Amino acid sequence: MTSQLIKKIVTGDEIRNAFLKFYSEKLHKIIPSASLIPDDPTVMLTIAGMLPFKPVFLGLKERPSKRATSSQKCIRTNDIENVGVTARHHTFFEMLGNFSFGDYFKREAIQWAWELVTNIYQLSVENIIVSVFHEDEESAKIWRDEIGIHPDRIVKLGEEDNFWSSGKTGPCGPCSELYYDFHPEKGLQNIDLEDGDRFIEFYNLVFMQYNRDPNGKLTDLKFKNIDTGMGLERMAQILQKKQNNYETDLIFPIIQKICEIANIDYFSSDLMQNNYPDLKNNNDLILNEIKIEEIRFRETLERGEKLLDELISSGQKLISGFKAFELYDTYGFPLELTVEIAEENSISVDVKGFEEEMNAQKERAKAASSNIDLTLEGSLEREIDLFNKTVFNGYKSLLSEAEIKGIFLDSTLVKEASEGQKVLIVLDQTTFYGESGGQVGDIGTIFSKDVEVLVDNVMRKKNVFLHYGTIKKGILTIGQKVKTNVSSSNRAKAAANHTATHLLQSALKSVINESVGQKGSLVAFNKLRFDFNSSNPISKDQISKIETLVNSWIMENHALEIKNMSKSEALEKGAVAMFGEKYDDEVRVVNVPGVSMELCGGTHVKTTSELGSFKIISEEGISAGVRRIEALSGQSALDYFSDRNALVNQLSDLLKANPNQLFERVNNLQAELINKNKEIQKMKDEIAYFKYSSIKSSAEIVNSFSILVNQIDGLDGNSLQSAALNLTSHLGNKAIVILGGIPNPENRKLLFVVSLGDDAVKIGLHAGKLINEIARICSGGGGGKPNFAQAGAKDIDKLSDALDYAKNYLQKTLANHSDK
Ligand code: ATP
Ligand code: MG
């Protein structure tokens, strides 16, 4: 069964039940929650799931079974200072726990915790960080080698955070906690688990391992215990993807009830929304824009700071106006910040010089703008003003009389043009639709008995229609009487796609959200494209709902009503206008009664059944908060269906399965592939194991340190890394392991891994620095932590030089070390 088929656990109830079920299947007895008032004179309230078991842990009471699990209501009055300050502390909460009384210990506790959170709750590995007590190598090792967590995900914490004890004396032991990382994209460097915006601790495993005597001496407990706690509300926050614990289904119903009584809306804290409804309607868009702006500004700052650092470290005492302006103009770094940072470094900035540069820039900009008018486009732009606005009479008919008023050749006004020339024609009136409102310009012919022009596009400039065409016959002159003839089949396609666009907008509003609005559109002959605001992708299910809705409106055969009216009347009737668009006082309203009403100048079908059918072919994000749908209607949609059908038939032939069996067939193939990959991985692991076992004994001892420098080819990064880690743990604290190898001879690439035991780090060796030296010899680079580092390099011919260098260097350094 694939993980998609396992039902996702989301609600608080599901989380609680899944925890208890999971551990009861692992033979834990489910113990009901004890009272909040404990049977224990040392505490006032039940503060943790383990409290009811305290006498068992202290050996004062018979254990209820070897293993137990519970969901315990808790109150932590001492957390009151944190309530409302953090999003994760309450006074009252529920703690889920699993307990072992002298039965299983660390290994099982860790393995089961991992299985629970990754398999049952389905958290992904990239969101999990674990902490261990810094002296508890055993736990670190289980996480690393048995669970397989990357060492960078294991954070070592001190006694204060990760050592549990019930008092000055008595049972105690190290803990290991699981944290959820809300921002894995920030990387694994400089992890600060105290950063509450990024991490939340959700599961704590306590390993009751020692007894502490009055002198503080620790001795191993005869029966070792496990005590764990998982915050139910915190897991709900994670799985329900909420901002805080309060908005989870465990608490929010209470807040809702309070809101109901107080007659307020919890979420409507955007204060200006009554006066400025656009703020609310475009909420997602606004938040997104702010976020993007923030990211961009941070990038700008980082880039600028780097440049500024270079300037400062060059030893100059003055930053010139030119440099300050360059920082501002090219890198967007504000002058105020340059001055501030310079001051901190006792450097001054030539602000006057900056202003001079700024003024010079403004002059340049002005000059540039007066230059533009001299271009060809510019001349066309100016000549357009000579013409009256073109009368458009193409809503009702496709054929009409017209008179030639202007002819442009290469954007220059001419008196005549002849056969073969590409021209731009201005008429007094036309039936050709000029590109606007997303709809493309019509195509067709302009003709008389003497001339014929093929028109392939029509644009509008300041209400003058420009017909782009090629003269097929005759000589075109100003004042000539002609006829305009629009291609009816293409016009019909554009009309169908335009009406389909209106239906699509209505369907989006009804399926997604009333606040969905147009952000751009294209109505072409062969397809339509519609951009709209939405911060989330539209799901497959929603897409199919939208298609069904539009197709039902097509089949209902609504007759369109198109009327001119005053803008205020149109808006009053509920016509949809485009946000931010300027309209005249008189507007054209396209109404599909009961379905859609929009202000629109485009051409449309008479009845919706002319659309034939409607099909969405793609949905994607094109910028922050804006999605794009492409769709087809009429013949294009039918062509699409038959192409798809042909594809299914091809696949059927290829996979030797009839169309109904295709899904199952592909599914099986995929499962087979996964199994094969697993087999390959297993073989690779075996090879890695075989290779590193064979070099285990070749370590050279220098001053009690074990130096192992070796070439192992054929291992990928992960395998090389685990080989190095295994060798290190085999050789102990004094291990110095350096492996280099060519993972795949075809790629001509090198990999290096350096792994050091604790003692090697203590004497000052640094894996990150060491690896950089080694990789450099082979034209590579890398870095890492003091005890572990990885690098890649290109020059495979230098591999043995690099390893020799490392060996010599280590022999020398360690020999010198003992001299001191
Ligand atoms: P934190 O450092 O976040 O306060 P803690 O170390 O006090 O947590 P534990 O005593 O280990 O937490 O409790 C076990 C689990 O109980 C925690 O991992 C957490 O999920 C949950 N928990 C602890 N305190 C609270 C609280 N005040 N509100 C909600 N859940 C809590
Ligand atoms: Mg706490």
Side-chain angles (χ1 to χ4, degrees), residues 12 15-16 19 33-38 40 42-52 54 70-97 113 117 121 123 127-133 155-167 172 174-183 186 190-206 227-259 266-267 269:
I15 296 169
R16 195 191 293 110
F19 188 97
S33 174
S35 162
L36 273 174
I37 302 165
D40 183 329
T42 63
V43 274
M44 201 157 77
L45 295 160
T46 300
I47 55 167
M50 68 84 74
L51 197 75
K54 203 171 126 187
S70 69
S71 164
Q72 175 64 48
K73 39 187 188 289
C74 299
I75 287 194
R76 287 196 179 177
T77 47
N78 53 325
D79 270 348
I80 189 104
E81 297 106 88
N82 283 325
V83 173
V85 177
T86 74
R88 60 183 202 279
H89 285 98
H90 316 284
T91 42
F92 173 83
F93 65 99
E94 286 178 65
M95 198 188 286
L96 302 164
V117 301
Y121 296 138
L123 301 188
N127 293 107
I128 303 174
I129 301 286
V130 301
S131 73
V132 294
F133 179 51
V155 177
K156 297 189 173 171
L157 295 179
E159 185 155 348
E160 199 174 307
D161 295 299
N162 266 6
F163 197 87
W164 173 87
S165 57
S166 61
C172 57
C175 316
S176 179
E177 304 156 316
L178 286 87
Y179 288 77
Y180 189 81
D181 182 355
F182 290 101
H183 294 285
K186 292 191 177 170
N190 307 325
I191 281 189
D192 173 14
L193 293 175
E194 296 284 305
D195 176 356
D197 288 335
R198 179 169 171 189
F199 299 107
I200 187 172
E201 175 203 323
F202 63 90
Y203 200 3
N204 187 5
L205 318 177
V206 181
D227 153 31
T228 75
M230 173 188 285
L232 175 66
E233 296 78 4
R234 292 191 189 180
M235 190 42 97
Q237 182 197 339
I238 294 166
L239 293 180
Q240 292 167 23
K241 298 190 171 34
K242 297 292 178 191
Q243 300 280 340
N244 53 57
N245 290 359
Y246 304 101
E247 286 169 23
T248 64
D249 69 337
L250 292 162
I251 301 175
F252 199 64
I254 301 172
I255 296 179
Q256 261 174 327
K257 188 75 203 173
I258 295 171
C259 288
Y266 176 79
F267 288 105
S269 51

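Please read all numbers here as calculations on a predicted model, not as lab measurements.
Using a distance-only test at 3.5 Å, with no hydrogens or angles considered, a donor-acceptor pair links the side chain of S176 to the main chain of S131. No donor-acceptor pair under 3.5 Å is formed between the side chain of N245 and the backbone N or O of Q237. Within the 3.5 Å criterion, the main-chain N or O of I15 finds a donor-acceptor partner in the side chain of Y121. Between the side chain of E94 and the main chain of E233, no donor-acceptor pair closer than 3.5 Å is present. No donor-acceptor pair closer than 3.5 Å links the side chain of R16 to the backbone N or O of L232.
Side-chain atoms of N204 and W164, non-hydrogen and from C-beta on, never get closer than 4.5 Å to each other. A heavy-atom distance below 4.5 Å is found between the side chains of E201 and Y179. Side-chain atoms of M235 and L123, non-hydrogen and from C-beta on, do get closer than 4.5 Å to each other.
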side-chain contact (heavy atoms from CB on, under 4.5 Å) assessment of H90 paired with I251: CA-CA 11 Å; H90 316 284; I251 301 175; 3.6 Å; yes
Stepwise side-chain contact (heavy atoms from CB on, under 4.5 Å) test for D192 and N190: CA-CA 6 Å; D192 173 14; N190 307 325; over 6 Å; no
Candidate pair M50 and Q72, rule side-chain contact (heavy atoms from CB on, under 4.5 Å), full reasoning: CA-CA 9 Å; M50 68 84 74; Q72 175 64 48; over 6 Å; no
Derivation and outcome, side-chain contact (heavy atoms from CB on, under 4.5 Å), residues R234 and H89: CA-CA 9 Å; R234 292 191 189 180; H89 285 98; 3.5 Å; yes
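Between G97 and F19, the closest heavy-atom pair is O-CE2, 3.3 Å. The two residues V43 and P38 make their nearest non-hydrogen contact at O-CG, 3.8 Å. Heavy-atom minimum distance, T77 versus T91: CA-CG2, 4.5 Å. In terms of heavy-atom proximity, G49 sits nearest to P52 at O-CD, 3.3 Å.
Here E177 contributes atom CD and N162 contributes atom CG; the two are 4.0 Å apart, rounded to the nearest 0.5 Å. Once rounded to the nearest 0.5 Å, the distance linking OG of S35 with NZ of K73 reads 6.5 Å. Interatomic distance, CD of E159 versus OG of S165, reported as 7.5 Å (0.5 Å rounding). Between the CG atom of L96 and the OG1 atom of T228 there is a distance of 8.5 Å, given to the nearest 0.5 Å. Note: I37 CD1 to T46 OG1 = 8.5 Å, rounded to the nearest 0.5 Å. Separating the NE2 atom in H183 from the CG atom in D197 is a distance of 7.0 Å, to the nearest 0.5 Å.
The ring pair (Phe, Tyr, Trp, His ring centres under 6.0 Å) test applied to F199 returns no partner, not counting sequence neighbours. Every residue was checked against the side chain to side chain donor-acceptor pair (under 3.5 Å) condition with D195, not counting sequence neighbours, and none meets it. With sequence neighbours excluded, no residue satisfies ring pair (Phe, Tyr, Trp, His ring centres under 6.0 Å) with F93. Residues satisfying the ring pair (Phe, Tyr, Trp, His ring centres under 6.0 Å) criterion with Y203, sequence neighbours excluded, are absent altogether. Annotation: side chain to side chain donor-acceptor pair (under 3.5 Å) contacts of T248 (sequence neighbours excluded): none. Under the ring pair (Phe, Tyr, Trp, His ring centres under 6.0 Å) criterion, F202 pairs with no residue, sequence neighbours left out.
When the options L157, D161, D181, I200 are evaluated for a side chain to side chain contact (heavy atoms under 4.5 Å, CB included) with L193, the one that passes is L157.
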